**Q** 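Below is one structure. I have some questions about it.
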Amino acid sequence: MFALDSYVKKSVQQGIPGASLAVVVDGNIRLLRGYGVTKKGGKTRVNSATVFPLASISKTFASAATSILVDKGLIEWDTHVVPYLDNIEFSDPTLGKTVTLRHLLSQSTGLIAQAYSNLLEDNVRYTRILQMLKRVKFVCTPGNCYSYQNVVYNLSADMLALASGTDFPTLVKEQVFIPLKMNHASYGMDAFKQMQNRVVPHVKVKSGFAAVKPVNYYYKVPAAAGVNASAQDLAKWMLAQFGHNPSVLRPASLEIMHKPHIRANQYRYRAKLSNVYYGLGWRTFDYRGIKGFVHHGGWVKGIRTEMVFNPLTQTGMVFLTNCETDVAREIVLEFLELYRKHVEKE
């Protein structure tokens with residue numbers, strides 16, 4: 001814990017503008033701290049209540065919201081996308097009719113990876129992109145291969161809105177944020193701008209980091225990347241992942257979400273991780289013989305976010321930073337190595 005605290009302090013001293021850290025050990029929040037400033041050159045300090053765009057950590061809330069509606073009998077994990085959503089057409093109707101909500105949440109639709117994420121970044125409307133989905137080719141049978149998505153992942157939000165009779169951000173707010181007392185959590189750019197205690201994103205430049213305006217494009221797919229939250233909020237989110245709030249997330253539902261569903265790319269931690277899979281809204285992996293880690297990271301222009309934990313020991317970490325930096329990747333490995341040493345001592 002103190003080693004992670006020192007690591008982030010040092011990273012700020014070496015140039016990253018700001019960060020926020022939460023550490024949970026044995027089911028107890030042991031560290032909640034902010035570091036540096038919300039904007040380079042400014043005086044406003046980051047604290048544990050400072051709000052960051054979460055980027056892809058948002059995906060974890062879509063699977064949670066699904067589990068809540070499944071428990072209420074309003075939808076099923078294996079509800080088919082077509083014809084449930086009557087505005088969606090797939091390039092291969094035979095394969096398309098086998099795509100389910102579970103495939104969306106486990107990144108195993110079989111469609112070409114990152115389908116039309118580029119159009120989001122070009123500010124094409126979400127509804128317009130959906131009309132173009134029928135051009136996206138299948139690379140495998142749904143359920144048989146991993147293909148990471150943002151636009152396609154957000155079809156889960158459309159399905160949940162239809163099932164619940166309320167818009168997706170309101171659904172998550174009422175069923176997750178409020179009962180878990182995630183007091184700073186919200187959806188969308190407008191809500192982000194309304195928060196006084198929020199960060200400014202920074203990108204790398206020759207002299208270090210430069211502040212940029214927050215970008216709106218990934219907010220168009222709220223299930224994939226729409227949440228804003230603080231380290232305080234995500235510490236509570238982690239406790240919920242450990243089963244501390246069974247009235248919101250039942251242990252049986254958590255088991256389904258944290259279970260490996262489809263073998264995924266080892267991506268940026270190649271040498272260290274094994275058994276890398278995607279669950280439902282979460283990544284799962286083993287580290288040097290220690291099983292059962294659950295993780296998701298996020299990136300959007302000028303922001304990096306990471307959340308990693310092991311449900312078996314109820315121990316984990318959240319790291320949020322207002323810049324694009326490798327520190328976000330390295331601190332995950334730092335946490336895993338500290339965890340390994342701690343486990344081996346016992």
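Quick caveat: nothing in here was measured; it's all calculated off a predicted structure. Numbers here simply count residues along the sequence, with the first being 1.
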**Q** Tell me whether the centres of the aromatic rings in Tyr146 and His261 are closer together than 6.0 Å.
**A**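 That pair fails the under 6.0 Å test.
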
**Q** Under a 4.5 Å cut-off applied to non-hydrogen side-chain atoms, are Leu155 and Leu133 in contact?
**A**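 Sidechains of Leu133 and Leu155: in contact.
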
**Q** Could you tell me whether the side chain of Ser108 reaches within less than 4.5 Å of the side chain of Asn144, counting heavy atoms only?
**A**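 Of all side-chain heavy-atom pairs linking Ser108 with Asn144, none is under 4.5 Å.
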
**Q** Just by distance, do the side chain of Gln149 and the backbone of Ile112 share a donor-acceptor pair under 3.5 Å?
**A**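 The answer is yes, because a donor-acceptor pair under 3.5 Å joins these two groups.
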
**Q** Quick one: do Glu337 and Arg288 make a salt bridge, cutoff under 4.0 Å?
**A**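 Yes, this pair counts.
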
**Q** Could you go through the side-chain hydrogen bond (donor to acceptor under 3.5 Å, both in side chains) check for Tyr84 and Asp158 one step at a time?
**A** CA-CA 10 Å; Tyr84 198 82; Asp158 301 340; over 6 Å; no

**Q** Rounded to the nearest 0.5 Å, what separates atom NZ in Lys272 from atom CG in Leu336?
**A**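 Reported value, rounded in 0.5 Å steps: 9.5 Å.
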
**Q** Nearest heavy-atom pair of Gln114 and Asn150: which atoms, and what distance?
**A**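 Heavy-atom minimum between the residues: OE1-ND2, 3.1 Å.
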
**Q** Would you find a donor on one side and an acceptor on the other, under 3.5 Å apart, between the side chain of Thr321 and the backbone of Gly18?
**A**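 Such a contact is found between Thr321 side chain and Gly18 backbone.
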
**Q** Lys40 and Ser207: which non-hydrogen atoms are nearest, and at how many Å?
**A**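 The answer is NZ-O, 4.0 Å.
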
**Q** As an exercise, state the distance from CD of Glu306 to CZ of Phe335, rounded to the nearest 0.5 Å.
**A**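 Reported to 0.5 Å precision, the distance equals 12.0 Å.
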
**Q** Is Gln131 atom CD crowded by more than 12 heavy atoms from other residues, nucleotides or ligands, each under 6.0 Å away?
**A**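 Atom CD in Gln131 is crowded, with more than 12 foreign heavy atoms closer than 6.0 Å.
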
**Q** Looking only at heavy atoms, which two atoms of Met238 and Phe309 are closest? And how far apart?
**A**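 In this case the closest contact between Met238 and Phe309 is SD-CB, 4.0 Å.
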
**Q** Give a yes or no answer on whether the side chain of Thr44 reaches the backbone of Thr38 with a donor-acceptor pair at less than 3.5 Å.
**A**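 Side chain of Thr44 to backbone of Thr38, a donor-acceptor pair under 3.5 Å: no, none is there.
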
**Q** Membership question, hydrophobic clusters at under 4.5 Å side-chain separation (ILVMFWY): are Val172 and Trp237 in the same one?
**A**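 Yes, same cluster.
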
**Q** For Thr170, is there any backbone N or O sitting under 3.5 Å from a side-chain donor or acceptor partner on Asp167?
**A**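 Yes; judged by distance alone, with no hydrogens or angles, the pair exists.
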
**Q** Mind checking the CE-CG spacing from Met182 to Leu234? Nearest 0.5 Å is all I need.
**A**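 Separation between the atoms: 5.5 Å.
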
**Q** Please check if Tyr116 and Val300 belong to a single hydrophobic cluster, counting links between Ile, Leu, Val, Met, Phe, Trp and Tyr side chain heavy atoms closer than 4.5 Å.
**A**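 In one cluster: yes.
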
**Q** Mind checking whether Val152 and Val221 sit in one hydrophobic cluster, side chains of I, L, V, M, F, W, Y counted as touching below 4.5 Å?
**A**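 Linked within one cluster.
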
**Q** How close do Ala163 and Leu74 get, counting heavy atoms only, and between which atoms?
**A**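 Answer, listing the atom of Ala163 first, then Leu74: CB-O, 3.7 Å.
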
**Q** Are the side chain of Asp92 and the backbone of Thr94 linked by a donor-acceptor contact shorter than 3.5 Å?
**A**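 Confirmed, Asp92 side chain pairs with Thr94 backbone.
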
**Q** Look at atom CD of Glu121 and say whether more than 12 heavy atoms of other residues, nucleotides or ligands are closer to it than 6.0 Å.
**A**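 Yes, the 6.0 Å shell around CD holds more than 12 heavy atoms from other groups.
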
**Q** Side chain to side chain contact (heavy atoms under 4.5 Å, CB included) between Asn322 and Val200: does it pass, once the steps are laid out?
**A** CA-CA 6 Å; Asn322 57 346; Val200 174; 5.6 Å; no

**Q** Test side chain to side chain contact (heavy atoms under 4.5 Å, CB included) on Phe90 and Thr98 and set out the steps.
**A** CA-CA 10 Å; Phe90 290 109; Thr98 69; over 6 Å; no

**Q** Hey, does the side chain of Thr325 reach the backbone of Cys323 with a donor-acceptor pair shorter than 3.5 angstrom?
**A**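 Absent.
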
**Q** Under 4.5 Å between any side-chain heavy atoms of Ile75 and Val70, yes or no?
**A**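 They are in contact (side-chain heavy atoms under 4.5 Å apart), so the answer is yes.
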
**Q** Does a side-chain heavy-atom distance below 4.5 Å link Phe319 with Glu334?
**A**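 They are not in contact (no side-chain heavy atoms under 4.5 Å apart), so the answer is no.
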
**Q** State whether the side chain of Lys236 and the backbone N or O of Lys181 hold a donor-acceptor pair below 3.5 Å, judged by distance alone.
**A**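 Yes: the side chain of Lys236 pairs with the backbone of Lys181.
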
**Q** Is the backbone N or O of Leu105 less than 3.5 Å from a side-chain atom of Ser63, with the two atoms forming a donor-acceptor pair by type?
**A**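 Side chain of Ser63 to backbone of Leu105: no pair is present.
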
**Q** Less than 4.5 Å apart, side chain to side chain, heavy atoms only: is that true for Asn275 and Pro260?
**A**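 Not in contact.
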
**Q** Is any side-chain heavy atom of Ile68 closer than 4.5 Å to a side-chain heavy atom of Leu249?
**A**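 Of all side-chain heavy-atom pairs linking Leu249 with Ile68, at least one is under 4.5 Å.
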
**Q** Applying side chain to side chain contact (heavy atoms under 4.5 Å, CB included) to Ser91 and Phe138, what does each step give before you reach the verdict?
**A** CA-CA 8 Å; Ser91 60; Phe138 284 89; 3.7 Å; yes

**Q** Quick check for you: to the nearest 0.5 Å, what is the distance between Ile256 atom CD1 and Arg250 atom CZ?
**A**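 If we round to the nearest 0.5 Å, Ile256:CD1 and Arg250:CZ are 7.5 Å apart.
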
**Q** So how far is it from Thr50 OG1 to Arg45 CZ, rounded to the nearest 0.5 Å?
**A**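 Thr50 atom OG1 to Arg45 atom CZ measures 10.5 Å (nearest 0.5 Å).
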
**Q** Is there a path of hydrophobic side-chain contacts, each under 4.5 Å between heavy atoms, that joins Trp299 and Val308?
**A**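 Result: no, two separate clusters.
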
**Q** Checking side-chain polar atoms at under 3.5 Å, does Ser186 have a donor or acceptor matched by the opposite partner on Asn228?
**A**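 There is such a pair between these side chains.
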
**Q** Is the number of heavy atoms from other residues, nucleotides or ligands under 6.0 Å of Arg340 CZ greater than 12?
**A**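 Counting neighbours around CZ of Arg340, more than 12 heavy atoms of other residues, nucleotides or ligands fall under 6.0 Å, so yes.
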
**Q** Of all the heavy-atom pairs spanning Val136 and Ala115, show the shortest one and how long it is.
**A**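 For Val136 and Ala115, the tightest heavy-atom pair comes out as CG1-CB, 3.8 Å.
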
**Q** So does Glu89 have more than 12 non-hydrogen atoms from other groups sitting under 6.0 Å from CD?
**A**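 Open.
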
**Q** When the ring centroid of Tyr187 is compared with that of Phe177, is the distance short of 6.0 Å?
**A**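 Yes: the rings meet the under 6.0 Å criterion.
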
**Q** Please tell me whether Tyr153 and Ser56 have a donor and an acceptor in their side chains that are separated by less than 3.5 angstrom.
**A**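 Looking only at side-chain atoms, Ser56 and Tyr153 do not form any donor-acceptor pair under 3.5 Å.
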
**Q** Any chance you could lay out the side chain to side chain contact (heavy atoms under 4.5 Å, CB included) test for Leu119 and Met132, step after step, and finish with the verdict?
**A** CA-CA 10 Å; Leu119 295 185; Met132 300 161 69; 3.5 Å; yes

**Q** May I have the step-by-step check of ring-ring contact (aromatic ring centres under 6.0 Å, His included) for Tyr278 and His296, ending in yes or no?
**A** CA-CA 10 Å; Tyr278 208 89; His296 218 295; 5.7 Å; yes

**Q** Determine the minimum heavy-atom distance between Leu333 and Tyr287, stating which atoms define it.
**A**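 In terms of heavy atoms, the two residues are closest at O-OH, 4.5 Å.
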
**Q** Check whether the side chains of Thr100 and Arg102 place a donor and an acceptor atom closer than 3.5 Å, and report yes or no.
**A**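 On atom types as modelled, these side chains do not qualify, holding no pair under 3.5 Å.
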
**Q** Would you say that Leu320 contacts Ser230 through its side chain, given a criterion of any heavy-atom pair below 4.5 Å between the two side chains?
**A**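 Side-chain contact under 4.5 Å: no.
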
**Q** In terms of relative ring orientation, are Phe293 and Tyr339 parallel, tilted or perpendicular, with 30° and 60° separating the classes?
**A**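 Phe293 and Tyr339: perpendicular rings.
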
**Q** Report yes if the side chains of Met317 and Leu21 come closer than 4.5 Å at any heavy-atom pair, otherwise no.
**A**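 SC-SC contact between Met317 and Leu21 confirmed.
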
**Q** Taking Asp233 for the side chain and Asn183 for the main chain, is one N or O donor matched with an acceptor at less than 3.5 Å?
**A**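 It does hold such a pair.
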
**Q** Lys220 side chain to Val124 main-chain N or O, any donor-acceptor pair under 3.5 Å?
**A**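 Here the side-chain-to-backbone pair exists.
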
**Q** Is there a path from Val81 to Leu69 through hydrophobic residues (I, L, V, M, F, W, Y) whose side chains come within less than 4.5 Å of each other?
**A**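 Yes, same cluster.
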
**Q** Drop me the distance from Thr66's OG1 to Leu160's CG, to the nearest 0.5 angstrom.
**A**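 Interatomic distance, Thr66 OG1 to Leu160 CG, rounded to 0.5 Å: 4.0 Å.
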
